[in-house]
Every structure is written in structure tokens, then in C-alpha cells.
Amino acid sequence: MVKYCPKCGAEIKREDAQFCDKCGKSLRVKKVNTSRGKSTNKRKRVIVGALILIVAVAGFICYESFFAEHLKTVDIGVASFNCSDDLNFTMGEIGEGYVRYQDQSDSYSVKVWDFSQTSFSYEEGLSLANEVIQDCPSYYVDGILIYNSTANVGEHAGDARFITLIEDSGKNMQAQISTPTPEDTVLIAKSFEFLA
């Protein structure tokens, strides 16, 4: 096989020639150190991976610090639930067999009935009240049945009011959760637990 000088193009006569006879260009083939290139690529991949991990962790921390909703658990004696940490529930009213807890704005309320403390006639009245709520437009949000009773909630008519009912037949108790947004009603309902 005929070889030619890579610099001047002259024909190389001898098979074992180290230099071009015409221009003197070295004809030795340089060996490329491929292992060094591989380790450099591996190092680059490790550095890029570490940077991606650092950015992801920093992003999560920033999200948690500035954007995530901060929650707290509220224990109202007969039940507990989670809500936004800027809400402060206090006892609002006590009636026959029920206790109502509300935030200062009175737009968030949790009303809990203990049927072992109520008369039959009172339970009948409550059943009728529940029917009024259940006649309101309803839909599911995250698996919780929500009633939009904005149009007809007595003295609060016109205020945004999203209600869900929770019952525990084993403990003979019922709760009515009412907030100005369906998301808040769902948040409380999903974490709600009767303690009595």
C-alpha cells in the first residue's frame, strides 16, 4: 500500500520511514491517551450531577420557605384538624349537644354535635338543617363532597361558604365544616378526627 506525506503529499518509498524524504515531516503516529479523556468526561458528569442536585435542593428549600402553605394542627377537645397557621379557632357557641368553634373572622367554623347529648327532637331539627345544606349545589374536591351554600346560609347569606359534613356513627357524632374556600374546607376535612 502506497503511503504519502500528510504535509507535502510526496510518496513515501520505504515502509519503515520515520520522516518524509522531501519535507522532513515526522511520520510517526501519535497514540492518543483515551483513558484521560474518559476520566475527564466522568468528572464532568459528576460535577454536573452535583450541581443539578444542589439547585434542586435549594429550590425545594426556597419553595418551602416562601411559597408552601404553613399548616398547624388544632385540637378543639372533641376533635382535631389541620388548617392554615394564620387561623385561630376559639369556642364560639355551645348549644344542646353541640359546640361551635370559629376563627376571629367568623368565616371559618367547625360545629361538632354529640348525639348522645341531644334530644330526639333536636336531632330531627338537625336532620332538616342538613337537608337544606345537602340541597345546595355540590361537587367533589379531592374526594370530599363540598356543598356551595353561599346563597342560603342564614345571616351569612351572600358570604362565600363551602360546607362538608362528616359523621362517625361509631362515636355517634357529626361535624359541619364551613370555610370561604373549597380548598380550606377540604384541608380541614381530610385531616379531621373525632377525639371524643
Side-chain angles (χ1 to χ4, degrees), residues 57-196:
V57 169
F60 178 77
I61 291 169
C62 288
Y63 174 81
E64 284 295 309
S65 300
F66 300 109
F67 301 109
E69 182 177 25
H70 296 282
L71 304 178
K72 68 178 177 183
T73 300
V74 177
D75 183 341
I76 56 174
V78 290
S80 73
F81 55 85
N82 292 337
C83 68
S84 174
D85 66 358
D86 60 349
L87 296 178
N88 293 305
F89 283 85
T90 56
M91 190 177 292
E93 79 182 289
I94 301 173
E96 183 185 343
Y98 76 86
V99 181
R100 182 173 185 263
Y101 297 85
Q102 64 197 41
D103 185 58
Q104 299 94 324
S105 66
D106 194 29
S107 54
Y108 292 80
S109 74
V110 175
K111 202 169 186 179
V112 181
W113 283 268
D114 179 351
F115 294 124
S116 66
Q117 305 295 318
T118 60
S119 65
F120 178 76
S121 61
Y122 191 85
E123 286 182 41
E124 285 296 307
L126 174 60
S127 179
L128 290 173
N130 285 345
E131 286 179 21
V132 170
I133 292 170
Q134 291 164 345
D135 281 342
C136 294
S138 64
Y139 50 92
Y140 282 92
V141 177
D142 202 13
I144 302 293
L145 182 59
I146 301 289
Y147 301 96
N148 184 351
S149 65
T150 298
N152 57 342
V153 282
E155 73 272 19
H156 297 288
D159 294 347
R161 198 59 68 126
F162 297 90
I163 298 176
T164 192
L165 304 173
I166 297 178
E167 292 187 7
D168 186 329
S169 55
K171 292 183 178 174
N172 206 18
M173 299 182 81
Q174 177 184 299
Q176 182 190 95
I177 298 164
S178 176
T179 83
T181 71
E183 294 78 18
D184 283 337
T185 301
V186 168
L187 172 65
I188 293 173
K190 286 186 88 73
S191 63
F192 192 88
E193 181 182 2
F194 289 105
L195 300 177

How close do [X] and [Y] get, counting heavy atoms only, and between which atoms?
X      : Y      : value
Gln176 : Trp113 : CB-CZ3, 3.7 Å
Val74  : Cys83  : CG2-SG, 3.6 Å
Thr150 : Arg161 : OG1-N, 3.1 Å
Met91  : Val99  : CG-CG1, 3.9 Å
Thr164 : Ala189 : CG2-CB, 3.8 Å
Arg100 : Ser109 : NH2-CB, 3.5 Å

How far does [atom1] of [X] sit from [atom2] of [Y], to the nearest 0.5 angstrom?
X      : Y      : atom1 : atom2 : answer
Thr90  : Asn88  : OG1   : CG    : 8.0 Å
His70  : Asp86  : NE2   : CG    : 10.5 Å
Leu87  : Gln102 : CG    : CD    : 12.0 Å
Asp75  : Leu195 : CG    : CG    : 5.5 Å
Ser116 : Asn172 : OG    : CG    : 6.0 Å
Asn148 : Tyr139 : CG    : OH    : 5.0 Å

Next on the checklist: Quiz question: by atom type and distance under 3.5 Å, do the side chains of Gln174 and Asn130 form a donor-acceptor pair?
Outcome noted: yes

Item to check | Worked verdict on Ile144 versus Thr185 for side-chain contact (heavy atoms from CB on, under 4.5 Å) | outcome: CA-CA 9 Å; Ile144 302 293; Thr185 301; 5.5 Å; no

Can you confirm whether [X] sits close enough to [Y] that some side-chain heavy atom of one is under 4.5 Å from a side-chain heavy atom of the other?
X      : Y      : answer
Val112 : Ile76  : yes
Tyr101 : Tyr108 : no
Val132 : Asp135 : no
Val186 : Ile146 : yes

Checklist entry - After noting the C-alpha distance and the side-chain angles of Leu187 and Leu71, does the key distance pass the side-chain contact (heavy atoms from CB on, under 4.5 Å) rule? => result CA-CA 10 Å; Leu187 172 65; Leu71 304 178; 3.7 Å; yes

Checklist entry - Can you check side-chain contact (heavy atoms from CB on, under 4.5 Å) on Ile188 and Asn82, steps first, answer last? => result CA-CA 5 Å; Ile188 293 173; Asn82 292 337; over 6 Å; no

Checklist entry - Are Lys171 and Phe194 in a cation-pi contact, defined as NZ or CZ under 6.0 Å from the six-membered ring centre and within 45° of the axis? => result no

Next on the checklist: Please evaluate residues Phe192 and Val110 with respect to the criterion side-chain contact (heavy atoms from CB on, under 4.5 Å), reporting the C-alpha separation (whole Å), side-chain torsions for both, the decisive distance (0.1 Å), and the verdict.
Outcome noted: CA-CA 10 Å; Phe192 192 88; Val110 175; 3.7 Å; yes

Item to check | Verdict with supporting geometry, Glu93 and Tyr98, side chain to side chain donor-acceptor pair (under 3.5 Å) | outcome: CA-CA 8 Å; Glu93 79 182 289; Tyr98 76 86; 2.9 Å; yes

Item to check | Tyr147 and its side-chain contact (heavy atoms from CB on, under 4.5 Å) partner, picked from Pro137, Ser178, Ser138, Pro182 | outcome: Ser138

